[in-house]
Amino acid sequence: MQWRRWFGRGRQRRDDRDHDIEREIRAHLELEAEEQRDRGMPAEEARYAAQRTFGNQALVGEDLRALWGTPALDALIQDLRYAVRTIRRSPGFAAIAIGSSALGIGACSIIFAIVNAAVFKPLPVDDPGRLMSVSESDRRTGETGNELSYLDFEDLRHARSFEAVAASDPLVPAAIGGGDDPQRHWGAIVTANYFKVVRPAFAVGRPFDAARDDKPGEPPVVVLSYRLWQRLFGGDPSVVGRPITLNKRPVTVIGVTAPAFRGTDVGIVPEFWIPFSMIDEIEARQGPVTRNRERYWLRVVGRLRPNIDAAAARAELEVFARTLNASFGRGAERGFAIERAGQLDPRLRNGVLVLFSVALGITVLVLLTACVNVANLLLGRASVRRQEIATRMALGASRARLVRQLVTESLLLAMGGGLAGWLLALYVCSFLGLVKTPLGWPLDLSVSVDYRVLLFSIGLAGLTAMAFGLVPALRATKLNLIADVKASALGAGTRDRFGLRTGLVVTQVAICAVLLLGMGLFLRSLHATDTIDLGLRKDNLLLLAFDPSLDRRDDTQARQLLRTVLDRAETVSGVESATLTTAVPLTFIINNTDFVADEHANDARAPSIRTDIYSVGPRFFETMGIRFVAGDDFNPGRSPRPDVAIVNDAFAHAAFGGSSPLGRHVLGNGRNLEIVGLVATAKSRTIGEAPRPAIYLPILQEYTAGQSARGITLIAKTRPCPGPACVAPAGSESDAGVASVAALREAIRSADRSLAIFDIRTMESHVRDALLVPRLARTLSAVAGGTGLVIATIGVYGVVSFAVARRRRELGVRLAIGARPQQVLAMVLRQGLTLVLIGSALGVLAAVGLAPLTASLLYGVAPIDPLTFVGVPLLLLAVATLACVVPARTAARVDPVDVLRTE
Amino acid sequence: MRTGESTRLSLLQGTLDMLILRTLRARAAHGHEIAKHIQRTTDEVLQVEHGSLYPALHRLEKKGLLTSRWETPKSGSREFKYYRLTAAGRKQLAREGSKWKQLTDAIARVMWPAEEN
């Protein structure tokens, strides 16, 4: 080991030096003594005389050593060696200190890593500081981050603040790979100058040709992401110039971006980029998107001119917005917002902020308890080491030197903790990329733990060491020398009883109480979600998605395809019923629009009902287990009536009050729909939501491309499994599912071989993914609460047993003059538990104050849940009692004779 | 040591360095020899506490004005650490010496103006 040799060399050098100094002084003394003897002095006396003439030998030696020891390095090495030795002497202490600070620092580092990835890390492009994102803002609500229309973007090209602006739609699905087994991937359609504006590095090939690739009719080209290039072609550079199949047509690969480039929108990672010359890929599904000024779909980035700053650009865009609003008869509410590109979508920021504040709050609390524990342990040790420290001071060590020594020790511990914490962050963050959302969008939550995070961890460790090592160090060295050297052998007095350590333990218990209360709430909430009636079947459902709009099919062909798929799926053996839907319930985001009852259409006060829209196949409700209340399901056998809909109870209630909706009409989405059926209300977007109005339209009659960018999901109800042997693990295609999944895939693919099938899962795993947020909150809070409890228990135990150790004499006297052991036991317990009670009370109060913050993350549990708020303090008290009993029993067993004899 | 208190002068700050350098000008010497030499040549007026000599020696060595080596003197059997002037040490001695001369001359002119004239 390098460091050991380095350490060793310093030590060797110093040992030589010490030896040399000692030898020189000895030679001097011997010679002087000889001379005195020669003058006739007795040997003994001569030696003393020599020493007298010499002066203070030890001091001279010390001076010489101090002179030679290269102070900074040698002293540091010395301190470190001493610290390592001290720490190694008490490995238990070290493990607790390092372990608890690792947990605290690790938790904070994870949060920092996420913030770092979302906020601090610039886009991996050339000169990222000048790359701005331009979005539309609503002056009334202050909302920014909205997409622009193509025509607005065209106008924006004239803005003089920018060298150039480029537009993109980063959520374009496509079936790539061709042949017999295409895969669905998400990519972006971009203006051909996109790469010229953004300037990412390319692994191979070239970006789009800005002059040509915007024009329809140019030969189609594609730029691949590094990841897709690796996956499809194993990183073969000769793929440049070759065609691949994209939505059934040959497209030439012209380049591959560098691995670091993940698009310009945080979280959305395109796998490929196609130029605007291929706009028909979009328009086939969404109609003429480039000629409609009211169609907002583009994200815009612009590169500032060298001498223009963001404020100047903002001013220009302000004027711009006014002109646009005036010339197109818009209200004054539309504006443009401009900010550094590559930041989190402003529309998501608030939600993310809440989640992160809670997470950060929890992690900081964990860090605090951990630090308090370390500080407490250090204080405890400082008291134990009183004698050592007093002796060293008596021998002439300066206070600064000792403080430095003690701080070095805590710094070493904290650095260990910081490093372990960073590793923890590294480990946990490697899982973030695997988090699945039920959205079906290419969300990438992976977070890289880079050098900034390491610096953060180390910095935090240094800070905690300073904050929590310095106070104990200063206290430890503020000694009454005489008293301590004499008294320490007997155990000093009890003046520390209500001092700093007690305060720290109370704080610790309070923090622990807050953490445990949080854990209790989230656990109860998650438990509540298990018992929430979804209004849906969860078991025996298989989900497979495909997208008939990808191959630029017309709607008639697409409807025919859906019919074929459905027919074939229903004949698959083991399938009891099958259906189709544009949206699977519990998907967070579902297309929606405002409806109003036809009879109230002219009433300005009539409520417009925000309604989730599902286009579903026949037997959807039967398959999904949604209860049919009245009316008829869509029937494929009968000739379809146009403009019919089925609504849920929540919708009927909102539109028609208590009366039956059947046969009545509603207006919305530019249509007049007759209600033919009524179903029970099922959960639509999230598990915790209040009953949400929903309307169901017949997909086989009305499917149009662009109804769902996430494709169509085939849902099949399979026959219940006869035994436990065939319970398939979540999302896997094994066991029970396997026969059906393969057959269902075949049912879809036999209808058209070019269809890409994706998002194959069971309803159970889909529901589990839908519980992402509460599950994350639960995991985080459970880890934090458990850690906090362990840390606080150690803290309480430490303080109480330390107090007992110091009061041995007093306890001995009490026992000697007639106190019964039980009384001593009770006394110690009482004192320990008083701390815990005060701490818990403070914790509960703090938690009540914090409760409103957590309300939005809880399902089916009040933020001040009585069971939690009673149960948690009791649990804490029980654990703390255990922590106190051990030292209390030691106290009761103190042998008075033994104690008094040592006096 | 046997001389009376009043006739002993403690060394001015910094002068010890100069005396050491001066002592070593002629030849190398070990610590004990240097101490004895200073005592002897000043008629025991200047009392050097032997111990205080070593920090000065080591400081000078660290500054590069002296070098040291363990050697056995011709007469004895024991090894001693001998100090020698370096070139830098010689230069330093010349500089310090002339400075000291100026200083004492100046002080003498103030203290005993009559004698000067």
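What you see is a predicted model, and the numbers here were worked out from it, not measured in a lab. Here is how names work: the chains are called A, B, and so on, in the same order as the sequence lines, proteins then strands, and each is numbered from 1.
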Trainee: So do the side chains of A:V60 and B:S52 get within less than 4.5 Å of each other, counting heavy atoms only?
Mentor: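 Result no, sub-4.5 Å side-chain heavy-atom pair not found.
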Trainee: Report which part of B:E33 has an atom under 4.5 Å of a heavy atom belonging to chain A: side chain, backbone, both, or neither.
Mentor: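 The answer is neither part of B:E33.
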Trainee: Can you tell me how far the OH atom of B:Y54 sits from the CD1 atom of A:I21, to the nearest 0.5 Å?
Mentor: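 Reported to 0.5 Å precision, the distance equals 12.0 Å.
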Trainee: Check each atom of A:I25 against the heavy atoms of chain B and say whether the ones under 4.5 Å are side chain, backbone, both or neither.
Mentor: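 Answer is neither: A:I25 stays 4.5 Å or more from chain B.
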Trainee: Check A:E35 against B:H32 and note the closest heavy-atom contact, atom names and distance.
Mentor: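 Looking at all heavy atoms of both residues, the shortest contact is OE2-CE1, 2.8 Å.
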Trainee: Just wondering, are more than 12 heavy atoms of other shown residues or ligands nearer than 6.0 Å to CZ in B:R84?
Mentor: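 Check passes, neighbour count above 12.
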Trainee: Is it the side chain or the backbone of B:R78 that comes within 4.5 Å of chain A heavy atoms, both, or neither?
Mentor: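 The answer is the side chain of B:R78.
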Trainee: With a 4.5 angstrom heavy-atom cut-off, could you sort out which part of A:N56 is near chain B: side chain, backbone, both or neither?
Mentor: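 Answer is neither: A:N56 stays 4.5 Å or more from chain B.
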Trainee: Counting only non-hydrogen atoms closer than 4.5 Å, does B:F80 touch chain A with its backbone (N, CA, C, O), its side chain (CB onward), both, or neither?
Mentor: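 Just its side chain gets close to chain A.
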Trainee: With a 4.5 angstrom heavy-atom cut-off, is it the side chain or the backbone of A:E34 that approaches chain B, or both, or neither?
Mentor: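 The side chain, not the backbone.
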Trainee: With a 4.5 angstrom heavy-atom cut-off, which part of A:Q57 approaches chain B: side chain, backbone, both or neither?
Mentor: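 It is neither, since no heavy atom gets under 4.5 Å.
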Trainee: Any chance you could measure A:R23, atom CZ, to B:K81, atom NZ, to the nearest 0.5 Å?
Mentor: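 Taking CZ in A:R23 and NZ in B:K81, the distance rounds to 9.5 Å.
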Trainee: Where do B:E79 and A:A27 come nearest, in terms of heavy atoms and distance?
Mentor: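 So the minimum-distance heavy-atom pair works out to O-CB, 4.2 Å.
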Trainee: Counting heavy atoms not belonging to B:R22, are there more than 12 under 6.0 Å from its CZ?
Mentor: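 Not more than 12 within 6.0 Å, no.
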Trainee: A quick test of your reading: do over 12 heavy atoms of other residues, nucleotides or ligands sit less than 6.0 Å from OH of A:Y48?
Mentor: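 Atom OH in A:Y48 is not crowded, with 12 or fewer foreign heavy atoms closer than 6.0 Å.
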